[in-house]
Amino acid sequence: MKLRRILGSVSILVTEKISSSSSHSSRCPSRKIFTARSSSSQRNAGSNHSEALPGNHIKWASLGSVRNSRFASGFSPLKPKPLDSIMDLDRAKTKSSEELTSIWDDYHLGRGHIGITMKAQLYRLLEQRAAECRYFVVPLWRGNGYITMFAQVEAPHMIFTGLEDYKARGTQAAPYLTSTFYTELSETKDLVFIRGDVVFTSKLTDEEAKWLMETAQSFYLNDTRYKLLERFNKHTHEFEFKDVLQALDMPIL
């Protein structure tokens, strides 16, 4: 299978050197526009077994629709929080886009979740490109080397798992990080809110998760980087992982 061959070639270039990371524990006071605090139980994975997923790519089906939905066979995530359970939408309508961006970012700092915003036009571009190119690999620098993350976009969600975990567990591999794009205010505020949830805090810090989300998005939104993403999905025999490293100014180890 094409993807398995390319993933195998990617892993040859990957040097995994895990350095100890300190957790980010600072907290910022939430503002009244938010309606509820996040539950830490959203980070826990279930263990229900289900049928193996077909196809050449890792696939997480029916993301977040029900309690027993799954990212991969054997993993049952909790339903993502709807935006109106996080934010008072009526009050949000009275705020400017700049105020909402600041509030959203501040609210998620130090909470085990990541908050990012994006212009609506950029999200539409990401969504359009992701419909054709759903998968990619992103190196995450740690210590003196890097690990490689495997990403899938299934709009309005983006999901990350470790490449080595996928190679070892196949469709049993569980996500390390999930992110949800909220478009409820895209028409009135020209904003899409993005919330990241670290499923396994032992695998990723908040800072690493935010970097992964922003970096993966850049390969959909930057025309030059998107060519690499297209090559990975449509012309895998031409894909070179070292090109990704060079695009991110990372050394080839």
Side-chain angles (χ1 to χ4, degrees), residues 23-48 60-72 75-120 122-124 126-127 130 152-160 174-201 203-207 209-210 212-214 216-217:
S23 61
H24 182 61
S25 58
S26 63
R27 290 183 176 273
C28 293
S30 59
R31 307 186 191 182
K32 291 184 179 180
I33 192 172
F34 293 98
T35 60
R37 288 186 174 270
S38 307
S39 170
S40 61
S41 63
Q42 285 189 303
R43 301 185 193 178
N44 298 326
S47 60
N48 294 337
W60 295 276
S62 304
L63 175 63
S65 57
V66 291
R67 178 62 177 86
N68 63 356
S69 65
R70 56 194 176 274
F71 297 92
F75 180 79
S76 301
L78 293 176
K79 182 178 180 180
K81 294 173 72 68
L83 184 60
D84 61 6
S85 72
I86 304 172
M87 175 186 291
D88 184 333
L89 293 181
D90 288 334
R91 185 170 295 178
K93 293 174 183 177
T94 67
K95 304 291 184 180
S96 68
S97 297
E98 291 75 16
E99 287 176 309
L100 290 173
T101 296
S102 177
I103 292 171
W104 181 259
D105 291 349
D106 289 349
Y107 175 75
H108 289 92
L109 284 175
R111 299 171 59 83
H113 306 282
I114 294 86
I116 305 173
T117 55
M118 175 186 290
K119 291 292 185 180
L122 290 178
Y123 174 71
R124 287 192 288 270
L126 185 151
E127 187 177 38
Q152 177 189 354
V153 180
E154 191 73 37
H157 307 279
M158 184 177 289
I159 310 148
F160 302 83
Y176 293 7
L177 167 68
T178 68
S179 60
T180 303
F181 295 80
Y182 295 100
T183 59
E184 285 87 336
L185 297 177
S186 61
E187 296 296 328
T188 57
K189 300 296 180 180
D190 191 31
L191 276 183
V192 171
F193 297 94
I194 311 166
R195 175 187 168 104
D197 293 285
V198 180
V199 180
F200 296 111
T201 54
K203 302 283 191 180
L204 290 174
T205 66
D206 288 0
E207 292 82 2
K210 183 174 182 179
L212 275 174
M213 290 166 61
E214 292 177 338
Q217 290 168 28

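Every value quoted in this text rests on a predicted model; they were computed, and no experiment measured them.
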Less than 4.5 Å apart, side chain to side chain, heavy atoms only: is that true for Lys81 and Arg195?
yes
Are any side-chain N or O atoms of Asp197 and backbone N or O atoms of Val199, one a donor and one an acceptor, separated by less than 3.5 Å?
no
If you measure from CD on Glu98 to NZ on Lys189, what distance do you get to the nearest 0.5 Å?
9.5 Å
Who passes salt bridge (Lys or Arg N to Asp or Glu O under 4.0 Å) against Lys203, sequence neighbours left out?
Asp165
Counting distance only, does the side-chain N/O of Lys210 pair as donor-acceptor with the main-chain N or O of Ile116 below 3.5 Å?
no
Could you check Phe181 against Glu127 for side-chain contact (heavy atoms from CB on, under 4.5 Å), going step by step and ending with a plain yes or no?
CA-CA 10 Å; Phe181 295 80; Glu127 187 177 38; over 6 Å; no
Aromatic ring pairing Trp104/Phe193, orientation class (parallel under 30°, perpendicular over 60°, tilted between):
tilted
Heavy-atom check, side chain of Tyr182 versus side chain of Met87, under 4.5 Å
no
Taken to the nearest 0.5 Å, the spacing of Gln217 CD from Leu122 CG works out to 9.5 Å
Contact check, side chains of Leu100 and Thr117, non-hydrogen atoms, under 4.5 Å
no
Is the backbone of Met158 close enough, under 3.5 Å, to the side chain of Ser179 for a donor and an acceptor to pair up by distance?
yes
Test item: Ser102 side-chain N/O and Glu99 main-chain N/O as donor-acceptor pair under 3.5 Å:
no
Are Ile114 and Val198 close enough that some pair of their side-chain heavy atoms sits under 4.5 Å apart?
yes
Which atom pair, heavy atoms only, marks the closest approach of Leu212 to Phe160?
O-CZ, 3.8 Å
State, to 0.1 Å, how close Gly115 and Asp105 come at their nearest heavy-atom pair, and which atoms those are.
O-OD1, 3.0 Å
